[in-house]
Colleague: 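Attaching a single structure in structure tokens format; questions to follow.
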Amino acid sequence: MPSTFTGLNISYTGLTASNAALNTTANNIANIETDGYSRQIVNQSAATAMRAFASYGCIGAGVDTLGAERVRDIYYDEKYWNNNSKLGEYDKKQYYCLIIDNYLNDQRGTNEVKGFTTIFSEYQAAMESLSTHTGETNYALDFIGKAGNLCEYFNILYNNFQKMQSDVNDEISIKVDEINNVAKEIASLNKQINMIEVNGTTVANELRDKRDLLMDQLSAVVDVQFEEKPMLDDHGRETNMKEYTVTIAGGKTLVDGYEYRQLECVSRKPWQKVNQNEVDGLYDVVWKDTREDLGLTAKNIRGELKGLFEMRDGNNNEAFHGTVSDVDRLNNTVKIKVTDSYLKDISKSTLPLTDGCITLGGDKYYYDSFEFEIDDQGEAYYTFKMSDDITRNPSKVPAAKTGMSAKVGEQVDYQGIPYYLEQMNEWVRDYSYNFNKIYGVENATDYNGDTHEGAIFFTGDNAVKGGQFTLDVDLRAKKYSSTDNGYHLLTAGNFNVEKSIQNDASTLATHTGESEGPSKYDIINNLKELAKNKDMMSFRGCDAQSFLICLMGDSGLNARSAGDFVEIYENIQESIEGNRISVSGVDSDEEAANMVKFQNAYNLASKMISVMNSCYDRLINETGV
């Protein structure tokens, strides 16, 4: 039989439930502008009815207030995180592609910025003037100055790209620190959430919102996946606590419950380079606990970290790779067979000339120098002289490596900074070689009547030993050593005019013999043709003066492609975010309606208590015995 005061208790439960709902509504309204906040509702259910042992059966016992719980749909969270990683990757690519585009742009206007087209045109014009005034050294001096401007353009452009590579490298370090900080915070939140929810009745709504907000932040940096499952006790039974696991970079564990892993940026030593043009100190991202590489080259990785990596290391899939054909342990050399055409062309060489890192059958080794040779059958081989320094190579390359794969660096299928540096080097080497071949032709003669047969005009500055390169090795040589003084030493960064010509314009070779008067010299005329004649020099199927058009086409295409993807993923993100907000967001109109609804319920429960109070007062105080 129910208690006499059952009605009062029932009314009290309604009052409690309405009060909880009003407080939750107030909390929603207070957090209407809070990032990551999820709308909360009070879960209620009818209390278990009481048996009345009467003809009318059971009597309702009021309402049970189960607690406040956030409204969240994990489906939209996962969609958001997946899309956010892709958006982060292309956002970084777009940003740096636009910088590259700006570097290459040849602007005209009040604040004129001279680019390749302008400088090369001035250089050609000076050559044209020289061809009709070869008897006057002041025209030669002007031409040498314009040639110097061309070299300086490449020097500055090369340094700008290397500075950008250094900036991207620094940003990679910042993103790694961000991942580490987020991992630490998520692990801490996991513990706090379980401490609150261990009783099985309380939900740590705000802490869960904070954790999901961190996941939003992490998903922009790197692709993320998560799993939340009940923790088991010693007997294998489920508890009220949850084990929350976060994986990144294609499935590698970052957070496992209360434990978290940390990443580290390891700076490459000068003898660990994998590209001739890379700046010192590029970072390899590894796990602190295992020293295993994070593996940013994997195709299934996304996020800002991936975009930064491809900008910094993107080589258009043109890294060194081949097959070990022979291991000579006596001489400590390794012979590698290569088949790709770009590996047989000195002008496209990107191998570190000395002190490089080579991976043989999955293991890293270090070499001092290398030799290249194309044999009589047309097969191409590189022979690497491995370092004898035991701190670099604790042991010699085993003979069992024969037949295994070999590579220097990774094949990164993106036109990043290394790609543009290689393109600049290729043009500089090709143009210098073809120019010097014409300039130092047989019987080449200067203003003073001195011969300059075999001389060179364009060369490179030797930053290590001082002076300039003599470029003795032919650009089309079928055999050369990395230590030889050849065109493989020439880069856009050290490109320069031969110093003796800069110091004395009268030593400029202009002719092999006069024709049609003293003002028309054949060497200069042939050099003029080099800019437009593809038979004399071809760069990617175009003539020499089309260098900028080719690179601008690459950078423009990459920038537009990245921009298109950013727009696509921004639109997708906006759609997903809209769906998330429709479920989890706080709507002011909806909360205002709830406020009125719960206020009315509170007032009715209060009125019910007042009515019951009147009834009990009549029953107890006014009913006679």
Side-chain angles (χ1 to χ4, degrees), residues 162 169 264-286 291-293 297 313 315 318-338 343-344 346 348-373 380-412 418 421-422 425 462-466 469 473 477 479-486 488-491 493-494:
Q162 285 203 319
N169 193 53
E264 183 179 11
C265 288
V266 179
S267 180
R268 295 176 193 165
K269 306 295 185 190
W271 42 272
Q272 293 177 319
K273 289 186 176 182
V274 296
N275 190 292
Q276 180 183 5
N277 306 303
E278 72 179 52
V279 296
D280 292 334
L282 291 188
Y283 295 126
D284 291 320
V285 183
V286 301
R291 314 309 296 173
E292 179 187 359
D293 191 86
T297 55
D313 291 5
N315 51 36
E318 292 187 351
F320 178 90
H321 65 100
T323 304
V324 179
S325 65
D326 182 60
V327 176
D328 186 344
R329 290 174 59 85
L330 180 63
N331 295 308
N332 201 17
T333 61
V334 177
K335 192 173 184 180
I336 312 294
K337 181 180 180 180
V338 298
L343 295 174
K344 304 175 184 179
I346 295 178
K348 296 178 180 290
S349 176
T350 59
L351 274 176
L353 302 176
T354 57
D355 299 326
C357 175
I358 184 170
T359 302
L360 305 172
D363 297 319
K364 287 186 177 180
Y365 296 89
Y366 300 95
Y367 66 87
D368 290 334
S369 61
F370 66 85
E371 293 181 353
F372 170 76
E373 181 179 9
Y381 297 90
Y382 284 81
T383 302
F384 291 86
K385 176 65 174 69
M386 309 309 292
S387 175
D388 293 320
D389 188 339
I390 60 173
T391 61
R392 300 184 187 182
N393 294 326
S395 60
K396 290 186 177 182
V397 180
K401 293 292 183 182
T402 303
M404 294 187 180
S405 64
K407 63 180 180 179
V408 176
E410 298 289 344
Q411 298 281 91
V412 183
L421 291 172
E422 184 278 324
N425 290 351
N462 191 333
V464 178
K465 298 181 179 179
F469 303 122
V473 179
K479 184 177 182 179
Y480 74 94
S481 169
S482 61
T483 57
D484 289 342
N485 206 333
H488 54 281
L489 302 174
L490 192 58
T491 69
N494 60 37

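Values below: all heavy atoms of this structure, side chains included; hydrogens, waters and symmetry mates excluded.
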Colleague: With rounding to the nearest 0.5 angstrom, report the CG to CD1 distance, L490 to I346.
Modeller: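 Here the rounded value is 12.0 Å.
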Colleague: Indicate the atoms forming the closest heavy-atom contact of V338 with K344, along with that distance.
Modeller: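 Looking at all heavy atoms of both residues, the shortest contact is O-CE, 4.1 Å.
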Colleague: Shortest non-hydrogen contact from V324 to V334?
Modeller: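 Of all heavy-atom pairs spanning V324 and V334, the closest is CG1-CG1, 3.9 Å.
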Colleague: Mark yes or no for whether S325, through its side chain, and K335, through its backbone, hold a donor-acceptor pair below 3.5 Å.
Modeller: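 Between the backbone of K335 and the side chain of S325 there is a qualifying donor-acceptor contact (under 3.5 Å).
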Colleague: At their closest point, which heavy atom of N275 faces which heavy atom of P352, and how far apart are they?
Modeller: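 Shortest heavy-atom separation between N275 and P352 comes out as N-CG, 3.5 Å.
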Colleague: Identify the heavy atoms of S349 and Y480 that sit nearest to each other, and give their distance.
Modeller: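 Closest pair (atom of S349, atom of Y480, distance): OG-OH, 4.2 Å.
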Colleague: When you compare the side chain of L353 with that of H488, does any pair of heavy atoms fall below 4.5 Å?
Modeller: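 Counting from C-beta outward, H488 and L353 do come under 4.5 Å.
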Colleague: Check each of L421, L351, T491 against Q276 using the side chain to side chain contact (heavy atoms under 4.5 Å, CB included) test, and report the only one that passes.
Modeller: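 For Q276, the side chain to side chain contact (heavy atoms under 4.5 Å, CB included) test succeeds with only one of L421, L351, T491, which is T491.
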Colleague: Look up atom CG in L360 and atom CD1 in I336, then write down how far apart they are to the nearest 0.5 Å.
Modeller: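 Atom-to-atom, L360:CG and I336:CD1 are 5.5 Å apart.
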Colleague: Does the side chain of N332 come within less than 4.5 Å of K385's, by heavy atoms?
Modeller: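 Sidechains of N332 and K385: in contact.
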Colleague: How far does OG1 of T402 sit from CG of D326, to the nearest 0.5 angstrom?
Modeller: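 These two atoms lie 6.0 Å from each other.
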Colleague: How long is the straight-line distance from CD1 of I358 back to OH of Y365, given to the nearest 0.5 Å?
Modeller: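 Spacing of OH (Y365) from CD1 (I358) equals 11.0 Å.
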Colleague: Out of curiosity, D368 CG to D355 CG, how far, rounded to the nearest 0.5 Å?
Modeller: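 Those atoms lie 6.0 Å apart.
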Colleague: Establish, yes or no, whether a centroid distance under 6.0 Å links the rings of F370 and F320.
Modeller: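 When the ring centroids of F370 and F320 are compared, they turn out to be at least 6.0 Å apart.
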Colleague: Closer than 3.5 angstrom, by distance alone: can the side chain of E373 be matched with the main-chain N or O of K479 as a donor-acceptor pair?
Modeller: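 No, because the side chain of E373 does not come within donor-acceptor range (under 3.5 Å) of the backbone of K479.
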Colleague: Applying the salt bridge (charged side-chain N to carboxylate O under 4.0 Å, His left out) test to D284, which of K269, R268, K273, R291 qualifies?
Modeller: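 Only one of K269, R268, K273, R291 forms a salt bridge (charged side-chain N to carboxylate O under 4.0 Å, His left out) with D284, namely R268.
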Colleague: Grab the two heavy atoms, one from G281 and one from S267, that are nearest each other, plus how far apart they are.
Modeller: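 Taking G281 first and S267 second, the nearest heavy atoms are CA-OG, 3.2 Å.
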Colleague: Would you kindly say whether D389 and S387 are connected by a side-chain donor-acceptor distance under 3.5 Å?
Modeller: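 No, no side-chain donor-acceptor pair sits under 3.5 Å.
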Colleague: Under 3.5 Å, is there a donor-acceptor pair between the side chain of N169 and the main chain of Y283?
Modeller: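 At least one qualifying donor-acceptor pair exists.
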Colleague: Looking only at heavy atoms, what is the nearest atom pair of A380 and F372, with distance?
Modeller: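 Taking every non-hydrogen atom into account, CB-CE1, 4.0 Å.
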Colleague: Determine whether a donor-acceptor pair (N or O, by modelled atom type, separation under 3.5 Å) exists between the side chain of N494 and the backbone of L489.
Modeller: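 Here the side-chain-to-backbone pair exists.
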Colleague: Between Q162 and N277 (side chain of the first, backbone of the second, donor and acceptor by atom type, cut-off under 3.5 Å), is there such a pair?
Modeller: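 Yes, because the side chain of Q162 sits within donor-acceptor range (under 3.5 Å) of the backbone of N277.
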Colleague: Report yes or no: does N315 contribute a side-chain atom to a donor-acceptor pair with the main-chain N or O of V412 at less than 3.5 Å?
Modeller: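 Side chain of N315 to backbone of V412: a pair is present.
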Colleague: Compare all side-chain heavy atoms of E410 with those of D313 and state whether any distance is below 4.5 angstrom.
Modeller: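 Not in contact.
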Colleague: Could you grab the distance from atom CD of E371 to atom OG1 of T333, nearest 0.5 Å is fine?
Modeller: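 E371 atom CD to T333 atom OG1 measures 9.0 Å (nearest 0.5 Å).
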